[in-house]
Amino acid sequence: MASSPQVALRIRPLNDTELEEGAAVIAHKVGDQMVVLMDPSEDPEDPLRTHRSREKTFIFDAVFDQHASQEDVYLATTQQLVEGVVSGYNATVFAYGPSGTGKTHTMLGMDTEPGIYLQTLSDLFQAIEETRDSTDCSVSMSYLEIYNEVIRDLLSPSSGFLDLREDSRGSIQIAGITEVATSNAQEIMQLLTKGNRQRTQEPTATNKTSSRSHAVLQVIVRRRGRGAHPAEEVRVGRLFMVDLAGSERASQTQNQGKRMKEGAHINRSLLALGNCINALSEKGGSRAQYVNFRDSKLTRLLKDALGGNSRTMMIAHISPASTHFEESRTTLLYAYRAKNIKTRVKRNLLSVSYHITQYTDVISDLRGQIQCLKAKVERQERERRGEPGGRDAQATIPASDAEEDSRLQMNRIRAQLIGAFQEQLEMRRSLVELENTSIELHMDTSRHLLTIADWEREKTHHLAHRAGTPERDEEALEAGPEGGEGEPAEPHEVALAREEVNMLLAEQRKTAALKVREGRCVHALSPVLRVANAL
Ligand SMILES: Nc1ncnc2c1ncn2[C@@H]1O[C@H](COP(=O)(O)OP(=O)(O)OP(=O)(O)O)[C@@H](O)[C@H]1O
């Protein structure tokens, strides 16, 4: 059974362009595990911050900011996987995030600051060296890219497109890939840097050498007990380290032609990857999921590494800049979603922290209110003293009564403020919950739709094959109202997926209606808070 995926977040430093644009830092690391993403469209002059509905707090297994070194990131994420790989387990590390957020920096790095690839390989070699007396061990590596659903060898780019094949044990192999066996760190760094230059790249506004493909470094550790019988099984541990294509490409709807095709492929693979990770992490839970690896080359390739006795680590990347708010927000939601089961456990912690920060704000706002009201009372006092025989009402009220009156008024306002705040807090909390639920429902629906689409494709293929005609997907699907004789029986998981989609769609409609209602209530309360604030 797969263990729950670990998710870390890395926030890179502001870059020169962002500084020139005058971008503000909106992603803040709080403690070792929390990040707060502020909404730059909010009014900094609004002391009660009544519009901070889009401010988000997320908790991950680890959070790094601009102060973290390459070693810090390696030690807290990937180092823990090395021992398992040497013992014959599989593992995968992903670098996820929009273009220019530092994925290649984390994975490959530079000669002076090598990234996870080199640090992992060095530790692997050392671990193997330590067991050399009792075991025969070998390490080999290969480096490839997946671009528009085709695989290219980055260590031998002239060898054309490579195929994925399943061997007799059902294990996925890349036919014809170059495997390198070297333990020289400098040589490895040179090989990988050269390989990385072969990646399909194109400059973007955010990155001069922006990658348009997924780069996969595969490390295979083969191990057998020294003096063991030749028939004894060799233990094979596989580690995949994946530098994914910029996630924002998937969502750029204005793309045309080549860019549109690229975006569609990236979208497909990232969605399939997210779905596999989620389905695997739910497998041990109450909701058994159908894990569909065949939906993209990336997930097919990673089938063994994601399923079985494997561990998965995702390192999400964002820019801290206000100019990248939307991208950062979507990245955090995707990464947060990948945590899945653990998310549920930690959600309480999230709510607690959310409340504490809110209350701190309430207290400091109330202090401000009290100062304001005190100043008002003093002003009134001074006015009264300066105008003996002034306005009748004031002249007839003794000083102590006026003070008492102001004090009561202040208490009333304070009580009203606290009440209104608590009500709004409660509503905001349930809005956040509803938003999370709605994302979960959306992802679940997509997963089931992919299962159904996959089955429909398989069915079409089957029918076309039987008819001895070339495959014509749509036509074949539409022929015959309920399908005809000889149609393959629908698997149970597809029937389940259909039922789930219906249920999820109904659930989505309910959640959307609730969100509108709660949103209206929060909106309705805002003027009350503004009036109270002005008092
Ligand atoms: N933590 C960091 N510290 C210092 N510089 C960084 C950091 N992260 C990224 N950079 C720099 O930012 C630039 C973009 O980073 P990088 O190429 O790694 O982004 P990417 O996410 O791989 O982009 P793409 O998806 O477009 O390939 C590089 O010049 C890199 O050196």
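- Residues Asp72 and Phe64 come closest through the heavy atom pair O-CE2, 3.9 Å.
- Put simply, the side chain of Arg10 never gets that close to the backbone of Asp65: no donor and acceptor are under 3.5 Å apart.
- We find the CG-CG distance between Asp123 and Leu75 to be 8.0 Å, quoted to the nearest 0.5 Å.
- Interatomic distance, CG of Leu191 versus OG1 of Thr178, reported as 10.0 Å (0.5 Å rounding).
- For the pair Thr193 and Met110, the minimum side-chain heavy-atom distance is 4.5 Å or more.
- For Lys103 (side chain) and Ala95 (main-chain N/O), no donor-acceptor pair under 3.5 Å exists by modelled atom type.
- A distance of 9.5 Å separates CG in Leu217 from CG in Leu108, rounded to the nearest 0.5 Å.
- Within the 3.5 Å criterion, the main-chain N or O of Gln80 finds no donor-acceptor partner in the side chain of Glu83.
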Take Phe58 and Leu333, measure what side-chain contact (heavy atoms from CB on, under 4.5 Å) needs, and give me the verdict at the end.
CA-CA 9 Å; Phe58 296 86; Leu333 286 171; 3.9 Å; yes
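- Between atom CD1 of residue Ile315 and atom OH of residue Tyr74 there is a gap of 11.0 Å, rounded to the nearest 0.5 Å.
- Looking at Gln70, its side chain does come within 3.5 Å of a backbone N or O of His105 through a donor-acceptor pair.
- The shortest distance between side-chain heavy atoms of Val180 and Ser140 does not fall below 4.5 Å.
- Residues Tyr89 and Val85 form no side-chain contact, since every pair of their non-hydrogen atoms from C-beta on lies 4.5 Å or further apart.
- Formation of a donor-acceptor pair under 3.5 Å by the Glu179 side chain with backbone atoms of Met141 is not found in this model.
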Output, in order, the C-alpha distance, side-chain angles, deciding distance and verdict of salt bridge (Lys or Arg N to Asp or Glu O under 4.0 Å) for Glu456 and Arg498.
CA-CA 12 Å; Glu456 295 291 356; Arg498 288 189 200 281; 2.9 Å; yes
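- Side chain to side chain, Asn196 and Tyr143 meet the donor-acceptor criterion of an N or O pair below 3.5 Å.
- Side-chain contact check for Met34 versus Thr57: some heavy-atom pair is nearer than 4.5 Å.
- Considering all non-hydrogen atoms of both residues, Pro98 and Thr331 come closest at CD-OG1, 3.3 Å.
- The shortest heavy-atom contact between Tyr336 and Ile59 is CE1-O, 3.7 Å.
- When each of Thr92, Asn90, Val219 is paired with Phe240, the side-chain contact (heavy atoms from CB on, under 4.5 Å) condition holds for Thr92 and for no other.
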Please lay out, stage by stage, how Arg199 and Leu154 fare under the test side-chain contact (heavy atoms from CB on, under 4.5 Å).
CA-CA 7 Å; Arg199 275 179 83 180; Leu154 288 176; 3.8 Å; yes
Derivation of the side chain to side chain donor-acceptor pair (under 3.5 Å) call for Thr106 and His317:
CA-CA 9 Å; Thr106 297; His317 293 75; 2.7 Å; yes
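- Taking CG from Asp39 and CD from Glu326, the interatomic distance works out to 8.0 Å, rounded to the nearest 0.5 Å.
- When side chains are defined from C-beta on, Leu301 counts as touching Leu144, because their heavy atoms get closer than 4.5 Å.
- Just one residue in the list Val35, Val63, Val36, Leu9 forms a side-chain contact (heavy atoms from CB on, under 4.5 Å) with Lys29, and that residue is Val63.
- In this structure, the side chains of Arg152 and Leu162 stay at 4.5 Å or more apart for every pair of heavy atoms.
- Summarising the local packing, CG of Asp16 is surrounded by 12 or fewer heavy atoms from other residues, nucleotides or ligands at distances under 6.0 Å.
- Side-chain polar atoms of Gln6 and Arg311 form no donor-acceptor pair below 3.5 angstrom.
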Evaluation steps, side-chain contact (heavy atoms from CB on, under 4.5 Å), between Val139 and Ile220
CA-CA 6 Å; Val139 180; Ile220 304 179; over 6 Å; no
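- Looking at Ser156, its side chain never comes within 3.5 Å of a backbone N or O of Asp153 through a donor-acceptor pair.
- Not a single donor-acceptor pair under 3.5 Å links the side chain of Arg235 to the backbone N or O of Arg222.
- Looking only at distances, a side-chain donor or acceptor of His214 sits under 3.5 Å from a matching main-chain atom of Ala245.
- Heavy-atom contacts from other residues, nucleotides or ligands closer than 6.0 Å to CD of Glu166 number more than 12.
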After noting the C-alpha distance and the side-chain angles of Trp455 and Leu450, does the key distance pass the side-chain contact (heavy atoms from CB on, under 4.5 Å) rule?
CA-CA 8 Å; Trp455 160 244; Leu450 278 174; over 6 Å; no
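- Under the 3.5 Å distance criterion, with hydrogens and angles disregarded, a donor-acceptor pair is assigned to the side chains of Ser296 and Thr299.
- Inter-residue side-chain proximity for Leu37 and Ile26 is flagged as met; some heavy-atom pair is nearer than 4.5 Å.
- Among all heavy-atom pairs drawn from Ala321 and Glu18, the shortest one is CB-CD, 3.5 Å.
- Taking the six-membered ring where tryptophan is involved, the planes of Tyr96 and Tyr334 are essentially parallel, since the angle between them stays under 30° and well short of 60°.
- Taking every heavy atom of both residues into account, Leu239 and Met241 meet most closely at CD2-CE, 3.8 Å.
- Closest approach of Phe60 and Val7 over heavy atoms only: CB-O, 3.3 Å.
- Although no hydrogens or angles enter the test, the distance criterion places no donor-acceptor pair under 3.5 Å between the side chain of Gln66 and the main chain of Leu14.
- Leu192 CG to Met107 CE: the interatomic distance, rounded to the nearest 0.5 Å, is 11.0 Å.
- Between the side chain of His324 and the main chain of Ser322, no donor-acceptor pair closer than 3.5 Å is present.
- The shortest side-chain heavy-atom distance between Ser319 and Arg12 falls under the 4.5 Å cut-off.
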